[in-house]
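Model, not experiment: these values are computed from the prediction. Throughout, protein chains are lettered first and strands after them, A, B, ... in sequence-line order, and every chain is numbered starting at 1.
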Protein chains: 2
Amino acid sequence: MDDVDRKLLNLLQEDATQAYAVLGKAVGLSAGAAHERVRKLRESEVIRRTTVEVDPAAVGSGVLAFVMVDSSAWMGDSGERFAAIPELQEAHIIAGSASVLVKVRTGTTEQLQDVLRRLYEIEGVSGTQATVALETFFERPVSTGA
Amino acid sequence: MDDVDRKLLNLLQEDATQAYAVLGKAVGLSAGAAHERVRKLRESEVIRRTTVEVDPAAVGSGVLAFVMVDSSAWMGDSGERFAAIPELQEAHIIAGSASVLVKVRTGTTEQLQDVLRRLYEIEGVSGTQATVALETFFERPVSTGA
DNA sequence: ACTTCCGGTCCACATCATCCACGACGCCCT
DNA sequence: AGGGCGTCGTGGATGATGTGGACCGGAAGT
């Protein structure tokens with residue numbers, strides 16, 4: 001993991017459709033060498049996957065909310081219960097008064113309410129506190145520091 | 001935007017390196033037709049970009065925190081002030097007692113503290129409340145409903 | 001019923017990813 | 001200091017893939 005790798009990661013985060021020849025030129029390597037670097041980054045799981053960013057509003061998920069989930073029991077093994085709710089985009093165990101923080105996307109606030117209902121059905125969940133996002137300034141890839 | 005488009009979005013979210021021939025077969029179309037569908041999805045900004053998911057820990061951002069930012073003024077025009085802090089991965093205006101919710105990734109808790117300091121330097125910011133994530137259950141693409 | 005248009009298939013070509021043999025550089029061991 | 005070796009990059013060959021164009025069929029509108 002040197003500066004060249006970090007620069008490649010940056011370039012790929014920007015646009016993963018670029019040809020290796022272009023990537024190579026950008027970092028001062030041949031296409032073959034750039035390809036080999038990226039292959040190793042994939043192999044070592046530094047690059048988890050190549051994906052596509054979808055406009056949430058275009059697929060009927062225009063409402064974004066963060067929900068603090070309170071619990072009366074240990075939630076550390078309930079990951080799959082949360083993953084089973086497709087509207088949940090992220091779920092994290094957190095330090096602090098709540099136990100779990102989830103990021104939810106739905107089409108309407110009614111659907112958000114239904115998600116909260118399904119959260120309550122998870123054993124151990126004793127309460128929720130939802131916060132709706134009114135506007136998103138930005139959502140961007142992890143900074144690589146390069 | 002029909003079911004075929006949604007299925008293509010799903011497939012691409014899973015793995016955007018697949019050949020169009022494969023994508024086409026998966027949805028019952030020729031490679032050319034699949035290509036045309038995807039081209040239009042890109043053109044219409046339903047697909048915002050093709051990118052690469054990077055393991056945060058591998059690039060020195062193993063600490064994840066969510067910060068509620070309180071303010072004494074209207075924050076709606078301060079998006080760029082937040083965007084200028086590279087450790088911020090997301091920033092949203094929220095409804096509720098706080099004004100802005102940000103998602104932060106740093107290498108250490110000391111660096112997290114430094115980010116909080118920089119948040120305070122934004123005019124109008126009157127307080128912060130940070131919550132550290134201990135474990136991430138999952139982070140996944142937006143559900144397309146397909 | 002004719003026209004038009006959208007969306008599909010099929011095909012051909014240019015581009016690109018991918019693999020391999022070779023060479024340069026730096027490091028360790030004797 | 002010299003020699004061997006492992007790592008990393010280069011350049012070219014080749015086969016797969018993206019990409020554009022010509023053609024076709026069905027649906028909708030006049």
J.: It should be established whether A:Arg37 places a side-chain nitrogen or oxygen under 4.0 Å from OP1 or OP2 of nucleotide D:dG9.
T.: yes
J.: Would you tell me whether B:Asp70 and B:Ser126 have side-chain atoms, one donor and one acceptor, within less than 3.5 Å of each other?
T.: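 Side chains of B:Asp70 and B:Ser126: no pair found under 3.5 Å.
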J.: Strictly below 4.0 Å, N to O, side chains only: are A:Arg105 and A:Glu139 in salt-bridge contact?
T.: yes
J.: Please report the distance, rounded to the nearest Å, between CD in B:Glu43 and C1' in D:dG20.
T.: 15 Å
J.: Can you check the A:Glu36 CD to D:dG11 P distance for me, whole Å?
T.: 16 Å
J.: B:Phe66 and B:Leu101: which non-hydrogen atoms are nearest, and at how many Å?
T.: CB-CD1, 4.3 Å
J.: Measure the distance from CD on B:Gln18 to P on C:dA17 and round it to the nearest whole Å.
T.: 17 Å
J.: Please report, rounded to the nearest Å, how far the C1' atom of C:dT18 is from the CZ atom of A:Arg39.
T.: 11 Å
J.: Using the side-chain heavy atoms of B:Ala19, tell me which of these nucleotides is nearest: D:dG18, C:dT9, C:dA17.
T.: D:dG18
J.: Tell me the interatomic distance from A:Lys40, atom NZ, to D:dT7, atom P, rounded to whole angstroms.
T.: 8 Å
J.: Rounded to whole angstroms, how far apart are CG on B:Leu29 and C1' on C:dC6?
T.: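 Distance check: B:Leu29 CG to C:dC6 C1' gives 14 Å.
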J.: Would you kindly give the OH-to-P distance between A:Tyr20 and D:dA16, to the nearest whole Å?
T.: 18 Å
J.: Hey, are A:Lys103 and A:Glu90 close enough for a salt bridge, meaning a charged N less than 4.0 Å from a carboxylate O?
T.: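 Result for this pair is yes, salt bridge flagged.
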J.: In whole angstroms, how far is the C1' atom of C:dG7 from the CG atom of B:Leu41?
T.: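 Distance check: B:Leu41 CG to C:dG7 C1' gives 14 Å.
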J.: Can you find a side chain N or O atom of B:His35 that sits less than 4.0 Å from OP1 or OP2 on D:dG18?
T.: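 No, no such contact exists.
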